Amino acid sequence: MTMHKALYLSPLVGLSIAASIAGSARAAHADCGAVLAALAALGDRVVDATCVDSADLTTANPATTPADNSIAGLPPGAFTPTTDRGVISPDAPDRTPITRAVPGLELRGRFAGDPTGEARWLVRLPADWNGRLVVAGASGTRSEDNGDFAWSDYVVQKGYAYASQNKGVLNLQIVSLASPTAPDATSCRLNPASQIWVRFFDDDPAKPFTQWTQYMLEGARLAQRAVLASYHRPPRFTYAVGTSNGGYQVRRAVEEAPELFDGGVDWEGTFIDPRGPNILIDLPPAIASFPAYVASGFDPNSLAARNIRAAGYPPDLVSGTTSLWGLYSAQFWEVTQCQWQKRFDPAFTTYPGGLNDTDGTGGYDYAGRAAADPAIARQVAQVATTGRIRRPLITVAGTMDALLPIQRGARAYEALVRRGCDEHDRDHGRDRDHGRDHERGRGHDCDGDRDDHGRPSYRLYEVQNGNHIETFRRTFPQLELIEPHAQRAFDLLVDHVEHHASLPPSQCIPRGGAIASGPAQPGHCAQLLAP
């Protein structure tokens, strides 16, 4: 294994090297030194760039994913790639099988344009390349290695080049390990029973959520240039994939950059609308009602349980003293609400009453706060998903998602896409009425393939009993895994884009089933929890 490093790749260095590489007829990909020099010549401004000639780019090679806290000078919790890759992927043996070693080049570095030095990127270039590139988003506040199990292992074994980035931010910094009250105004506690407080890097003033889209697009540009440098030709097709906040990045990619991407797979992406739904509206009712639900003995008919379900959440699952809602409450609800509130409404006092206070998070009133300060909604609007897709997109989501409930997330985004499609067709209808050259009567229902009007295909594949966190299936076997369906959706997307194959219609994937060309349950699942 060899390592090469470039502290700064000036766009003025290596022009002759890049020219000779681009004109080369060699079948083999370039070596690390040539790729790094060619990246410089092609104009990518990166710092701390490294390249490894690896015997295996899959996670079967322990060196593929760095160890947690392995970057000197960063506080514990800021860089956690080994932890991150297991967050969105199921446990072994259910995660992506690895059947062969994949030799190739692995490049890492930082985007030079980020003054905080946090924005990181990753590119993997298999020696046996199929001519295509996959660019991944990152979930939560996770690193560029977040998709190593779920996406990288799957696509590099098929010969795809793979790239990822970290949305421009590191993860978190521990502020206190034992404090009954918030140590400062930037702190969020890890869970309602904890005295551990953290600060999220993406709540820093220099890290607006608008950067999430920016770095998805910059990551694609950099990866496409790395592909050209390595294989002497650009990728024939580039696809976007991602989960949760990474799924949001996919949506924004196909909305904003059709010149960079040919299609995308959005696995339970985060939905953002300043009018709602959004996290600041949806999480507080669950946070506020959960203590009373626990006090009721997990009574599904209690007022607290009814309030949580009325807010859009799926039914709870209970096993002894553990509940599905309880897992989400302990690990995601409060800390996520706190993180988003501090980004969009930092003037709000999150924890006015100390450790046992839930009024700040559970009692947060987005509508009232936004009415008093319109800047809150304006900031949310800057990062809203529009639904105006410009490339084919598939959304895969679980009916039992209790972080981004399907009724408030995937179905809400589907409605936006369909609204945009209806507006598109009305515009073309007016064109037809004025004698323009569109065939009369040829409308588009948004669930067909691209029609004469050029509207890209969209599909929503709902996984019956799928939930946001694959590992929760360890506790509740009633849950279904989403990963295999997301990966199958990727293969279907590729066949659609490259061979014009029809996508199966939007559908409910039954428990133990698969995406079907003629589904028994087209459209939405009839119930969120199936026995």
Side-chain angles (χ1 to χ4, degrees), residues 140-141 172 175 179-194 196-200 202-205 207-209 244-245 248 270-294 303-313 325-326 328-384 401-405 407-409 412 468:
T141 55
L172 56 82
V175 178
S179 176
T181 58
D184 57 48
T186 67
S187 301
C188 295
R189 62 184 174 190
L190 281 183
N191 67 64
S194 174
I196 300 175
W197 299 82
V198 301
R199 176 182 62 82
F200 288 98
D202 67 359
D203 284 334
D204 291 344
K207 288 296 168 187
F209 287 6
S244 195
N245 285 345
Y248 164 88
T270 306
F271 183 79
I272 306 175
D273 190 316
R275 301 159 298 182
N278 64 57
I279 280 174
L280 291 174
I281 295 172
D282 300 340
L283 282 175
I287 296 168
S289 298
F290 186 72
Y293 171 64
V294 174
L303 176 61
R306 295 198 306 271
N307 286 341
I308 294 173
R309 292 195 300 271
Y313 290 82
W325 287 353
Y328 279 99
S329 174
Q331 299 180 42
F332 296 101
W333 283 351
E334 183 179 293
V335 73
T336 302
Q337 193 279 339
C338 178
Q339 175 204 354
W340 282 62
Q341 172 255 303
K342 290 188 183 298
R343 162 51 56 196
F344 292 107
D345 189 4
F348 181 76
T349 302
T350 311
Y351 297 99
L355 181 64
N356 296 318
D357 177 57
T358 58
D359 290 343
T361 51
Y364 184 78
D365 177 10
Y366 171 81
R369 295 288 298 179
D373 182 2
I376 296 171
R378 286 199 298 268
Q379 290 181 71
V380 176
Q382 290 177 356
V383 295
D401 190 328
L403 178 60
L404 304 176
Q407 299 183 97
R408 306 287 291 174
H468 203 83

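Because only heavy atoms are used, hydrogens play no part in the values below, and waters and symmetry mates are left out as well, while side chains stay in. Owing to the predicted nature of the structure, the values given are computational and were not obtained by experimental measurement.
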[X] vs [Y] side-chain heavy atoms within contact, under 4.5 Å:
{"X": "Phe344", "Y": "Gln382", "answer": "no"}
{"X": "Ile376", "Y": "Tyr366", "answer": "yes"}
{"X": "Val383", "Y": "Tyr248", "answer": "yes"}

Which atom pairs, one a donor and one an acceptor, fall under 3.5 Å between side chains of residues 273-292 and the rest of the protein, sequence neighbours left out?
residue: Asp273; atom: OD1; partner: Arg275; partner atom: N; Å: 2.8
residue: Asp273; atom: OD1; partner: Arg275; partner atom: NE; Å: 3.0
residue: Asp273; atom: OD2; partner: Arg275; partner atom: NH2; Å: 3.0
residue: Asn278; atom: OD1; partner: Leu280; partner atom: N; Å: 2.9
residue: Asn278; atom: OD1; partner: Ile281; partner atom: N; Å: 3.1
residue: Asn278; atom: ND2; partner: Asp273; partner atom: O; Å: 2.9
residue: Asp282; atom: OD1; partner: Arg408; partner atom: NE; Å: 2.9
residue: Asp282; atom: OD1; partner: Arg408; partner atom: NH2; Å: 2.7
residue: Ser289; atom: OG; partner: Pro285; partner atom: O; Å: 3.1

Partners passing ring pair (Phe, Tyr, Trp, His ring centres under 6.0 Å) against Phe271 (at least two apart in sequence or in another chain):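 So Phe271 forms no ring pair (Phe, Tyr, Trp, His ring centres under 6.0 Å) with any residue.
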Set of residues satisfying side chain to side chain contact (heavy atoms under 4.5 Å, CB included) with respect to Gln339, sequence neighbours excluded: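 Scan of Gln339 (side chain to side chain contact (heavy atoms under 4.5 Å, CB included), adjacent residues dropped) gives Thr141, Phe200, Asp202, Asp203, Phe209.
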With Lys342 as reference, evaluate Asp204, Thr350, Thr186 under the side-chain hydrogen bond (donor to acceptor under 3.5 Å, both in side chains) test and give the passing residue.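 The option that passes is Thr350.
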Where [X] and [Y] come nearest, the two heavy atoms and their spacing:
{"X": "Tyr293", "Y": "Ala304", "answer": "N-CB, 3.4 Å"}
{"X": "Glu334", "Y": "Pro192", "answer": "OE1-CG, 3.8 Å"}
{"X": "Val175", "Y": "Ser187", "answer": "CG1-OG, 3.8 Å"}
{"X": "Cys188", "Y": "Val335", "answer": "CB-CG2, 4.4 Å"}
{"X": "Lys207", "Y": "Arg343", "answer": "O-NH2, 2.9 Å"}

For the pair Tyr351 and Cys338, evaluate side-chain contact (heavy atoms from CB on, under 4.5 Å) and give the outcome as yes or no after the intermediate values. CA-CA 9 Å; Tyr351 297 99; Cys338 178; 4.1 Å; yes
With rounding to the nearest 0.5 angstrom, report the CG to OG distance, Asp401 to Ser244.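 It comes to 8.0 Å.
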Enter the distance from Asp345:CG to Asp365:CG here, rounded to the nearest 0.5 Å.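 The CG atom of Asp365 is 10.5 Å from CG of Asp345, to the nearest 0.5 Å.
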If only atom types and distance count, is the side chain of [X] paired as donor or acceptor with the main-chain N or O of [Y] below 3.5 Å?
{"X": "Trp197", "Y": "Ser179", "answer": "yes"}
{"X": "Trp333", "Y": "Gly362", "answer": "no"}
{"X": "Tyr328", "Y": "His468", "answer": "yes"}

Would you please indicate if the ring centroids of Trp325 and Tyr313 are separated by under 6.0 Å?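 No, the ring of Trp325 stays outside the 6.0 Å limit from the ring of Tyr313, centre to centre.
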